[in-house]
Amino acid sequence: MQIGVIADDFTGATDIAGFLVANGLATTQMIGVPGAGTRIEGDAVVVSLKSRSNPAAEAVADSLAALDWLQSIGCRQIFQKYCSTFDSTAKGNIGPVADALMEALGTDITVICPALPVNGRSIYKGYLFVGDELLQESGMKNHPITPMTDSNLMRLMDRQSKGRSGVVTVTTIEQGAEAVKAEIGRLRASGISYVVLDAVTDAHLDVLGEAVADMTLVTGGSGLCAGIARAVASDAPGRIEELGRAAAEAGAPLPGRGVVISGSCSVMTNSQVAAYRKIAPTFDVDVERCLADAEGYGADMAAWALAQPQGDGLPAPLITATASPDVLKAVQARHGSAASEAVEQAFAAATRKLAEGGITRFVVAGGETSGSVTQALEVKGFAIGPQIAPGVPWVRAVDRPLSLALKSGNFGAEGFFLDCQPAHVRAALEATA
């Protein structure tokens, strides 16, 4: 087993699993920490946790449990996966988990690299950019749980970890992998524990993947892990093509009825919801009703969705709590974090009823919402299917006839939800447009 990934949410887990498969490593995704004795075949395995925003001590305990299992199956390298926008607070959870993993693995240095250039996430001189904007100037400044108000990854890590941070800049990276290794060694000798790696292009990720392929612990986003995969994948002819065909077969979306559930309030998800509601029946979630009776209101959501006709060119219905920044601020001012928690409880209740009612395809937007949906479905793991958009593959439950597309908030283009519909539905809608 080449790589064992500990992912802090479910969308991030499917994101990185999709990139691993696409770059030559046979990969399985597990939901939660598997039981002792569970064995996995392949090159890589991803353990999906819901540890991004829960208490730091809980996130650390869950991550260490995942590490124990990954070590028990012989993973050569451990990869701590977090979001490409470094979603965290001043107290964690990225730093505390990294500190704990370093201590458990007996290493005194690791790297920090959430870059994903294909989706507009780049790092320059240690500053994280979303498209052409600094992280703190992007839509992430309005995130309801982890608002990001600083773009400097060294400062962010220094605030939430025990170690000191340094940076390897683009200038060094463009000199090649050996230069990167030498600079990491120099920083280590100076007492640095966390090395932020610049990355503006996929070519930079290839260099970095080669440079860190032998490190005990690596932390970052799916872009860096894809670079490592390219560095360590088998050179057998047709390996990537063969894995792509196997993934398309094992994880292709199932036929049947579907639903779209959107809980993200990101800029892109707002655009995706606005585009999809023009063609699909839409249920707008009432936060007050979630707070009053999440379980009962979730059942009402499901009953509405199950009553909507599908087939014959009709798209799956949309249930959405996605809101603009102004609306989101107003809700937070009235109810604080209780609003988000109540909405996720209602989504979980709706999911259980939807599965009982025969829904086989779930398209979900938002990390917290994806966690709520996946946990409500009680699946054990996923086979990784074809990517719908960079970082968003179809996945199929290994123990139940369910297909899911779990999308991080800002991933995908405006037409993403339509892209998730069966080909005959897309064709019918395009013909009538």
Non-hydrogen atoms of [X] and [Y] that approach each other most closely:
X: S262; Y: T269; answer: OG-CG2, 3.2 Å
X: A349; Y: G298; answer: CB-CA, 4.1 Å
X: L406; Y: T11; answer: C-CG2, 3.7 Å
X: Q77; Y: A213; answer: NE2-O, 3.3 Å
X: L418; Y: I279; answer: CD1-CD1, 3.9 Å
X: M268; Y: F411; answer: CG-O, 4.0 Å

Taking the side chain as everything from C-beta on, heavy atoms only, tell me whether [X] gets closer than 4.5 Å to [Y].
X: V273; Y: L318; value: yes
X: V45; Y: W69; value: yes
X: T216; Y: M102; value: no
X: I261; Y: V373; value: yes
X: T320; Y: Y276; value: no
X: V180; Y: V207; value: yes
X: R121; Y: N410; value: yes
X: F382; Y: T374; value: yes

Can a donor-acceptor pair be found, under 3.5 Å and without considering hydrogens, that links the side chain of [X] to the backbone of [Y]?
X: Q272; Y: G412; result: yes
X: R396; Y: A252; result: yes
X: T110; Y: L217; result: yes
X: T172; Y: V168; result: no
X: D15; Y: S408; result: no
X: D43; Y: A26; result: yes
X: R257; Y: A316; result: no
X: S264; Y: G367; result: no
X: R164; Y: S190; result: yes

Go through the steps to decide whether E133 and S138 satisfy the test side chain to side chain donor-acceptor pair (under 3.5 Å), and finish with yes or no. CA-CA 6 Å; E133 297 179 314; S138 73; 5.3 Å; no

Tell me yes or no: between the side chains of [X] and [Y], is some donor less than 3.5 Å from an acceptor?
X: Q2; Y: R76; value: yes
X: Y194; Y: D99; value: yes
X: D158; Y: S165; value: yes
X: E414; Y: S271; value: no
X: D8; Y: Y82; value: no
X: T322; Y: N270; value: no

From [X] atom [atom1] to [Y] atom [atom2], the distance as rounded to the nearest 0.5 Å:
X: M30; Y: T38; atom1: CE; atom2: OG1; answer: 6.0 Å
X: F129; Y: S151; atom1: CZ; atom2: OG; answer: 7.0 Å
X: E183; Y: T171; atom1: CD; atom2: OG1; answer: 10.5 Å
X: L404; Y: T351; atom1: CG; atom2: OG1; answer: 9.0 Å
X: I6; Y: I16; atom1: CD1; atom2: CD1; answer: 11.0 Å
X: D9; Y: L49; atom1: CG; atom2: CG; answer: 9.5 Å

When you look at Q80 and T219, which way does the side chain to side chain donor-acceptor pair (under 3.5 Å) test go after all the steps? CA-CA 4 Å; Q80 178 192 352; T219 89; 4.8 Å; no

Decide side chain to side chain contact (heavy atoms under 4.5 Å, CB included) for I31 and F10; before the verdict, give the C-alpha distance in whole Å, the side-chain angles of both, and the deciding distance to 0.1 Å. CA-CA 8 Å; I31 308 304; F10 292 79; 3.4 Å; yes

My understanding is that only residues two or more places apart in sequence, or in another chain, count here; which of them pass salt bridge (charged side-chain N to carboxylate O under 4.0 Å, His left out) with E58?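 Per chain and number, E58 pairs via salt bridge (charged side-chain N to carboxylate O under 4.0 Å, His left out) with no residue.
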
Evaluate the criterion side chain to side chain contact (heavy atoms under 4.5 Å, CB included) for residue pair C75 and I3; output intermediate values, then yes/no. CA-CA 6 Å; C75 290; I3 301 173; over 6 Å; no

Hey, is [X] close enough to [Y] for a salt bridge, meaning N to O under 4.0 Å?
X: D399; Y: K380; value: no
X: E368; Y: K50; value: yes
X: R426; Y: D419; value: no

Dump the intermediate steps for side chain to side chain contact (heavy atoms under 4.5 Å, CB included) on L156 and M148, then the final yes or no. CA-CA 10 Å; L156 289 169; M148 301 306 295; 4.1 Å; yes

Ignoring hydrogens and angles, write down the donor-acceptor pairs under 3.5 Å from the side chains of residues 87-98, residues two or more places apart or on other chains.
unit_1	atom_1	unit_2	atom_2	d
D87	OD1	T85	OG1	2.5
S88	OG	F86	O	3.1
S88	OG	Q160	NE2	3.2
T89	OG1	K91	N	3.3
T89	OG1	G92	N	3.4
T89	OG1	G92	O	2.9
N93	ND2	S51	O	3.0
N93	ND2	R52	O	3.4
N93	ND2	N54	O	2.8
N93	ND2	N54	OD1	3.4

Salt bridge (Lys or Arg N to Asp or Glu O under 4.0 Å): which pairs involve residues 100-118, sequence neighbours left out? D108-R188

Residue pair E295, K353: steps toward the salt bridge (Lys or Arg N to Asp or Glu O under 4.0 Å) verdict: CA-CA 10 Å; E295 192 75 23; K353 294 293 185 182; over 6 Å; no

Go through the steps to decide whether T369 and E344 satisfy the test side chain to side chain donor-acceptor pair (under 3.5 Å), and finish with yes or no. CA-CA 6 Å; T369 305; E344 297 307 332; 3.0 Å; yes

Under the side chain to side chain contact (heavy atoms under 4.5 Å, CB included) criterion, do Y124 and V170 qualify, and how do the steps go? CA-CA 7 Å; Y124 182 70; V170 167; 4.0 Å; yes

